[in-house]
Amino acid sequence: MKRLGYLFLLFFMNSLNSQVIHKRVLSLLGSPFEITLVGKDTIEINENIEIGVAEVKRIENLISDWIPTTPISEINRNAGIKPIEVSEELYDLIERSIKISQITNGAFDISYASMDKIWKFDGSMKVMPSASAIKESVSKIGYKNIILDKSNRTIFLKTPGMKLGLGGIGQGYIADMVTKLLKSKGVVSGIINVSGDISTWGKQPNGKQWKVGIKNPMNKNKIFAMFPLEDSAVETSGSYEKYVVFNGIRYSHIIDPRTGYPAQGLVSVSVFAKTTEVADALATGIFVLGKEKGMELVNKLPGISCIMVDDKGKVYTSDNIDLKKYKNE
């Protein structure tokens, strides 16, 4: 779950050289979508916002598993039957997704859509599912059964009933692609915020960097740190609202695709990276891996930073973040 509630964009409306900030809040992809652009001409800014929105819709019709006419839906319908030829763009995205699965040891897995929905986080579940039901719920998941054929540019799901879902990386990819497109149109600065997947480029009109404020979800009334962003991205995965408690143990709605059991211990993971796609996928995988294994992985990855909050409200940072430097007094 991505929540704007503890990821806040902070910027000033100062103007320099007649540049202005224009922000539009929309509902796209079934989620809040914010696009903030800097420019001198309000008409041109609005035209560029429409260009960005069109790009979102284009990619949605490429990667959504909810729209029956998309290539992803076609791949899913043919699981266990035949390979499906796809565009280079989609092939490359799936290939990159599998690489994230490899480095997270399957904690991130785009075949999670094959999972049986046996966990309920709406208050209706009174007892835990049985161990056998949990095991069966993830029996069709497994990124190693996504067969890629580069020469023919095809995707084949080896197991009948298997499904792909790009929700854990797709929003980040969309943020990156909209950023790339608008930069190509000459937009010098802006922010794309796809329900907490945040991509930034350039600076504010006053010459200062954009800043993102990180909240501790266990103390939602206070921002504990503000981080500058310039040509970089951040994404937060969290579970502070959707969870269940059995026998005194808190189970989040973010489920480990390898075991079928909900992730435990953490309530939010914020990942900083050069691309939103990478931040998006890693945030999910790190959340599932947990504090020790997740932080160990982050500290091995160049250019990646991370902030974690556990279910007691304690904050942890990767080796390359000095929280005192960014602390919000």
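Index from 1, following the sequence.
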| Is the shortest side-chain N to carboxylate O distance from Arg258 to Asp256 below 4.0 Å? | yes

| message | Tell me whether the rings of His253 and Phe121 are parallel (<30°), tilted (30 to 60°) or perpendicular (>60°). | response | perpendicular

| query | When rounded to the nearest 0.5 angstrom, what distance separates CD in Gln209 from CG in Asp231? | reply | 9.5 Å

| query | Are the charged groups of Glu55 and Arg58 less than 4.0 angstrom apart, N to O? | reply | yes

| query | Under 4.5 Å between any side-chain heavy atoms of Ile198 and Asn193, yes or no? | reply | yes

| request: To the nearest 0.5 Å, tell me how far Ile59 CD1 sits from Ile63 CD1. | output: 6.5 Å

| said: Are Ile134 and Ile249 connected into the same hydrophobic cluster when the rule is that any two of I, L, V, M, F, W, Y join if their side-chain heavy atoms are below 4.5 Å apart? | reply: yes

| Between OG on residue Ser189 and NZ on residue Lys183, distance to nearest 0.5 Å | 10.0 Å

| Taking 4.0 angstrom as the limit, do Lys185 and Glu47 come out as a salt bridge? | no

| remark: Smallest heavy-atom separation, Ser199 atom then Asp176 atom, equals OG-OD1, 4.2 Å

| message | Could you tell me if the side chain of Asp149 sits less than 4.5 Å from the side chain of Phe156, heavy atoms only? | response | no

| message | Checking Asp197 against Thr276: is there a side-chain donor and acceptor pair closer than 3.5 Å? | response | no

Identify every side-chain donor-acceptor pair in residues 100-107 under 3.5 Å, counting partners at least two apart or on other chains, and give the distances.
unit_1: Ser101; atom_1: OG; unit_2: Ser97; atom_2: O; d: 3.4
unit_1: Ser101; atom_1: OG; unit_2: Phe108; atom_2: O; d: 2.6
unit_1: Thr104; atom_1: OG1; unit_2: Ile100; atom_2: O; d: 2.8
unit_1: Thr104; atom_1: OG1; unit_2: Ser101; atom_2: O; d: 3.4
unit_1: Thr104; atom_1: OG1; unit_2: Phe108; atom_2: N; d: 3.2

| request: Please check if the side chain of Asp310 supplies one atom and the backbone of Lys312 the other of a donor-acceptor pair under 3.5 Å. | output: yes

| Do Thr284 and Tyr112 come within less than 4.5 Å of each other through their side chains, counting heavy atoms only? | no

| request: Quickly, which of Asn46, Thr42, Asn48, Asp41 forms a side-chain hydrogen bond (donor to acceptor under 3.5 Å, both in side chains) with His22? Name it, please. | output: Asn46

| query | Is there a donor-acceptor pair closer than 3.5 Å between any side-chain N or O of Thr36 and the backbone N or O of Lys23? | reply | no

| field | Side-chain ion pair, Lys57 and Glu60, N-O less than 4.0 Å | value | no

| query | Leu229 and Leu323: same hydrophobic cluster, using ILVMFWY side-chain contacts below 4.5 Å? | reply | yes

| request: May I ask you to test the Asp311-Tyr243 pair for a side-chain heavy-atom distance under 4.5 Å? | output: no

| message | Does any part of the side chain of Leu62, heavy atoms only, come nearer than 4.5 Å to the side chain of Leu93, both counted from C-beta? | response | no

| field | Ile147 with Ile141, same ILVMFWY side-chain cluster at under 4.5 Å | value | no

| remark: Looking only at heavy atoms, the pair that brings Tyr251 and Gln264 closest together is CE2-NE2, 3.3 Å

| said: As an exercise, state the distance from CG of Leu289 to CG of Leu266, rounded to the nearest 0.5 Å. | reply: 10.0 Å

| query | Trp201 and Ile191: which non-hydrogen atoms are nearest, and at how many Å? | reply | CZ3-N, 3.9 Å

| query | Would you say Arg153's side chain and Glu85's backbone share a donor-acceptor pair under 3.5 angstrom? | reply | no

| Residues that Ser184 engages under side chain to side chain donor-acceptor pair (under 3.5 Å), provided they are two or more places apart | none

| From CD1 (Ile94) to CD (Glu89), nearest 0.5 Å | 11.0 Å

| Got more than 12 heavy atoms from elsewhere within 6.0 Å of CD1, Ile43? | no

| task | Return yes if some donor-acceptor pair links the side-chain N/O of Ser252 with the main-chain N/O of Ala263 below 3.5 Å, else return no. | result | yes

| query | Under a 4.5 Å side-chain heavy-atom rule over Ile, Leu, Val, Met, Phe, Trp and Tyr, are Ile286 and Ile254 clustered together? | reply | yes

| said: Please give me the minimum heavy-atom distance between Asp109 and Pro257, naming the atom from each residue. | reply: CB-CG, 4.1 Å

| Pair Ser73, Thr70: side-chain N/O donor-acceptor within cut-off below 3.5 Å | yes

| Do the non-hydrogen side-chain atoms of Glu95 and Ile98 ever get within less than 4.5 Å of each other? | no

| query | Do Thr154 and Lys82 have side-chain heavy atoms sitting under 4.5 Å apart? | reply | no

| request: Could you tell me the separation between the OG1 atom of Thr159 and the NZ atom of Lys140, rounded to the nearest 0.5 Å? | output: 9.0 Å

